Amino acid sequence: MTLLRLNFDVFHEIASYLPQGSRNYLMRTCRALHRSPEADKIILGGYIMLRSAQKFASFVAFLDAEEKRRCQYVREIWLYPDYNTFPRQALLAFSRCIPRLASLNSMKLHEAELMFAICPEFGEAFAKLTSLRNVDLFDVGPVTCVVLQALESELASIRMRWLIDMDEEFLVSDENHPVQRLVNLSSSLESLSCEN
């Protein structure tokens with residue numbers, strides 16, 4: 001039996017146990033799989049962790065292709081840039097894909113403050129997402145707080161880690177307290193964790 005004759009549900013179940021990188025390689029082994037909308041579900045169905053600027057740019061190009069139809073399959077993204085942040089142009093391109101990420105329910109973002117500061121469009125697009133339920137933000141500062149205040153998603157869980165060199169006065173002022181900044185999420189928020 002060839003791989004293409006395997007029932008897709010069985011194939012999908014097997015592929016779901018593979019790490020993300022292995023799923024990507026599997027899709028590249030066969031032209032029929034690579035071009036299939038079903039393959040997009042397999043590639044994008046699990047969490048997607050992006051570290052290098054090159055992989056981030058490649059991922060954004062993959063999402064952007066075919067009129068951004070692949071965006072609908074993205075569920076969870078982890079952005080962990082190797083060197084502080086991703087290039088502004090890549091963040092800008094990703095910002096244009098964000099409105100189509102209708103199924104994105106979880107995001108982990110390292111260097112949040114820096115990314116939102118160098119690309120305000122990324123922060124604006126992030127704030128307009130309505131599907132997010134869980135957010136984990138590292139290196140949170142004043143810019144990130146403004147983005148969170150504008151967030152339209154009804155988060156169930158948020159975990160924030162403040163910048164290491166964050167100004168003490170900023171952290172202790174009432175207006176910057178996480179509870180004040182996230183008052184717009186009070187009806188949906190079940191878990192709030194803040195670390196310094």
Side-chain angles (χ1 to χ4, degrees), residues 7-28 33-81 86 90-112 115-116 119 121-138 140 144 147-148 150-161 182 185 188-193:
N7 177 296
F8 181 75
D9 291 332
V10 173
F11 178 75
H12 187 271
E13 185 66 24
I14 292 167
S16 71
Y17 287 95
L18 295 173
Q20 183 66 36
S22 296
R23 278 186 267 163
N24 294 346
Y25 289 127
L26 178 63
M27 295 305 113
R28 292 179 192 163
L33 284 176
H34 184 70
R35 293 183 178 164
S36 162
E38 302 304 322
D40 296 339
K41 291 178 187 175
I42 292 172
I43 292 172
L44 301 169
Y47 74 88
I48 298 157
M49 183 173 12
L50 300 164
R51 288 185 177 269
S52 75
Q54 179 184 357
K55 286 187 179 182
F56 181 66
S58 176
F59 172 72
V60 172
F62 178 75
L63 284 182
D64 203 31
E66 300 187 32
E67 299 177 356
K68 297 180 177 63
R69 73 166 176 76
R70 294 176 173 140
C71 291
Q72 65 185 316
Y73 303 118
V74 178
R75 305 279 183 266
E76 185 172 359
I77 297 178
W78 298 3
L79 299 180
Y80 290 95
F86 296 122
L91 286 169
L92 196 55
F94 184 55
S95 300
R96 291 189 291 269
C97 293
I98 287 177
R100 301 258 182 123
L101 298 175
S103 299
L104 182 66
N105 62 30
S106 182
M107 188 172 218
K108 293 184 180 186
L109 182 59
H110 275 245
E111 301 292 344
M115 284 195 229
F116 291 143
C119 187
E121 297 87 348
F122 175 51
E124 292 167 12
F126 178 86
K128 289 181 182 174
L129 278 167
T130 58
S131 60
L132 282 174
R133 297 297 170 255
N134 305 295
V135 175
D136 198 344
L137 300 170
F138 297 77
V140 171
T144 308
V147 170
L148 289 174
L151 195 63
E152 294 179 17
S153 288
E154 294 182 2
L155 293 182
S157 158
I158 185 165
R159 186 169 150 195
M160 300 186 297
R161 290 183 190 88
L182 302 172
L185 304 173
S188 63
L189 200 59
E190 297 169 13
S191 171
L192 170 62
S193 171

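Keep in mind that the numbers below use all heavy atoms, side chains included, and drop hydrogens, waters and symmetry copies. Being a predicted model, the structure only gives us computed values, none of them experimental.
The minimum heavy-atom distance linking Ser188 with Glu154 is given by the pair OG-C, 3.2 Å. Smallest separation of non-hydrogen atoms from Ala112 and Leu137: CB-CD2, 4.2 Å. Minimum interatomic distance between Arg96 and Lys68 (heavy atoms only, all atoms of both residues): O-CE, 3.5 Å. Nearest approach of Arg70 to Ala65, heavy atoms of both residues: NH1-CB, 3.7 Å. Minimum interatomic distance between Ala93 and Val60 (heavy atoms only, all atoms of both residues): CB-CG1, 3.6 Å. The minimum heavy-atom distance between Gly123 and Val147, with the atom names listed, is O-CG1, 3.6 Å.
A donor-acceptor contact shorter than 3.5 Å links the side chain of Ser95 to the backbone of Leu91. Although no hydrogens or angles enter the test, the distance criterion places a donor-acceptor pair under 3.5 Å between the side chain of Ser131 and the main chain of Leu104.
Each of Met49, Met107, Lys108 was checked for a side chain to side chain contact (heavy atoms under 4.5 Å, CB included) with Leu79, and the lone residue meeting it is Met107.
Ring-plane geometry between Phe94 and Phe56 is classed as perpendicular, the angle between the planes exceeding 60 degrees on a 0 to 90 degree scale with a lower cut at 30.
Separation of atoms OH (Tyr80) and CG (Leu109) is listed at 9.5 Å; rounding is to 0.5 Å. Here Ser103 contributes atom OG and Gln72 contributes atom CD; the two are 7.0 Å apart, rounded to the nearest 0.5 Å. One distance of note links CD1 of Ile158 with CG of Leu132; it measures 9.5 Å at 0.5 Å rounding. A distance of 11.5 Å separates CZ of Phe62 from SG of Cys97, quoted to the nearest 0.5 Å. To the nearest 0.5 angstrom, Leu155 atom CG is 10.5 Å from Ser191 atom OG. Taken from OG in Ser157 to CG in Leu192, the straight-line distance is 8.5 Å, to the nearest 0.5 Å.
Pairs of residues two or more places apart, or lying in two chains, that qualify as salt bridge (Lys or Arg N to Asp or Glu O under 4.0 Å) and include a residue from residues 121-136 are Arg88-Glu121, Asp136-Arg159, Asp136-Arg161.
Side chains of Met160 and Leu148 form a contact here, defined as non-hydrogen atoms less than 4.5 Å apart.
In this view, Lys55 satisfies the salt bridge (Lys or Arg N to Asp or Glu O under 4.0 Å) rule with no residue, not counting sequence neighbours.
The neighbour count for Glu152 CD, taken as heavy atoms of other residues, nucleotides or ligands under 6.0 Å away, is above 12.
Aromatic rings from Phe116 and Phe126 are positioned such that their centres are separated by under 6.0 Å.
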